[in-house]
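See structure below.
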Amino acid sequence: MLENSIYELRNTVTELEKGVSSAEDEGNEWRTRCETQVELNKQLERQINILQEKMELIRGSPADKLSSVRNFDQMPLSSLKEVLKQLQEEKKSLQNQLKDYELRLEQEAKAYHKANDERRMYLSEILQTSATLKMVERKKTDAVTGKGGNKMLRRRYSVPGNPKMVSPQKGSIKKTVGVKQLPKIKH
């Protein structure tokens with residue numbers, strides 16, 4: 001009993017050690033998530049600061065059209081240059097974004113026209129095939145029922161209307177042949 005309990009305790013210890021090592025690995029995952037979140041928070045703080053600076057530039061009474069110009073007049077030359085650089089970068093960014101949207105729109109238009117042309121082609125093929133199928137079915141039913149363009153042929157040569165009917169006295173042709181038993185094979 002003592003040996004069994006020692007064996008069980010050793011197994012428990014090894015399982016706990018494995019659990020500890022996996023917990024450390026999970027800690028690394030959470031540490032990575034935390035670092036990623038901290039970086040994201042810093043980026044958001046930068047964006048908040050930029051937006052606050054823009055709001056300060058726009059502040060003033062909305063009725064006063066020259067309030068932003070007065071704000072720029074009061075600013076020192078170095079900060080005006082910084083604002084100009086920011087505005088130029090924002091302009092380039094917006095122009096690049098506009099070009100991307102134009103390219104995407106052009107590609108989507110091409111894809112739409114291509115898909116639309118394929119759709120039209122498939123519809124015309126479907127219509128042609130269905131028309132051909134209807135004609136074939138009509139000919140098939142005409143041949144079975146005895147209707148159609150063979151009337152003149154039947155009249156001239158007295159061919160019966162029903163192809164299954166060879167002679168009216170004997171009746172229709174049966175599908176099964178008269179052999180019901182096969183001869184026995186000799187060894």
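Note that the coordinates shown come from a computational prediction; the quantities given were computed from them, not determined experimentally.
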Let me confirm one number: the [atom1]-[atom2] distance from [X] to [Y], rounded to the nearest 0.5 Å.
| X | Y | atom1 | atom2 | value |
| --- | --- | --- | --- | --- |
| Gln88 | Gln95 | CD | CD | 10.5 Å |
| Leu94 | Tyr101 | CG | OH | 10.0 Å |
| Leu77 | Lys81 | CG | NZ | 4.5 Å |
| Ser130 | Glu125 | OG | CD | 11.5 Å |
| Met121 | Ile126 | CE | CD1 | 10.5 Å |
| Lys92 | Glu89 | NZ | CD | 7.5 Å |

Test item: [X] and [Y] side chains (from C-beta on) under 4.5 Å apart, heavy atoms:
| X | Y | answer |
| --- | --- | --- |
| Glu108 | Tyr112 | no |
| Gln47 | Ile50 | no |
| Thr14 | Arg10 | no |

key: Glu3 atom CD, over 12 foreign heavy atoms within 6.0 Å   = no
query = Taking atom CE of Met135 as the centre, does the number of heavy atoms from other residues, nucleotides or ligands within less than 6.0 Å exceed 12?
reply = no
request  = Go through the structure and list residues passing side-chain contact (heavy atoms from CB on, under 4.5 Å) with Gln43, not counting sequence neighbours.
outcome  = Leu40, Arg46
ask   = What residues form a side-chain contact (heavy atoms from CB on, under 4.5 Å) with Glu118, not counting sequence neighbours?
value = Lys114, Tyr122
If the condition is side-chain hydrogen bond (donor to acceptor under 3.5 Å, both in side chains), which residues does [X] pass it with, not counting sequence neighbours?
| X | value |
| --- | --- |
| Asn41 | Gln37 |
| Asn116 | Arg119 |
| Glu90 | Lys54 |

ask   = Taking only residues two or more places apart in sequence, or in another chain, which ones meet Glu106 in a salt bridge (Lys or Arg N to Asp or Glu O under 4.0 Å)?
value = Lys110
inquiry  = Donor-acceptor pair, distance only, cut-off 3.5 Å: does the side chain of Thr141 make one with the backbone of Glu137?
reply    = yes
inquiry  = Quick one, Asn11 with Glu8, criterion side-chain contact (heavy atoms from CB on, under 4.5 Å). Give me CA distance, side-chain angles, the key distance, then yes/no.
reply    = CA-CA 5 Å; Asn11 286 338; Glu8 289 177 6; 5.5 Å; no
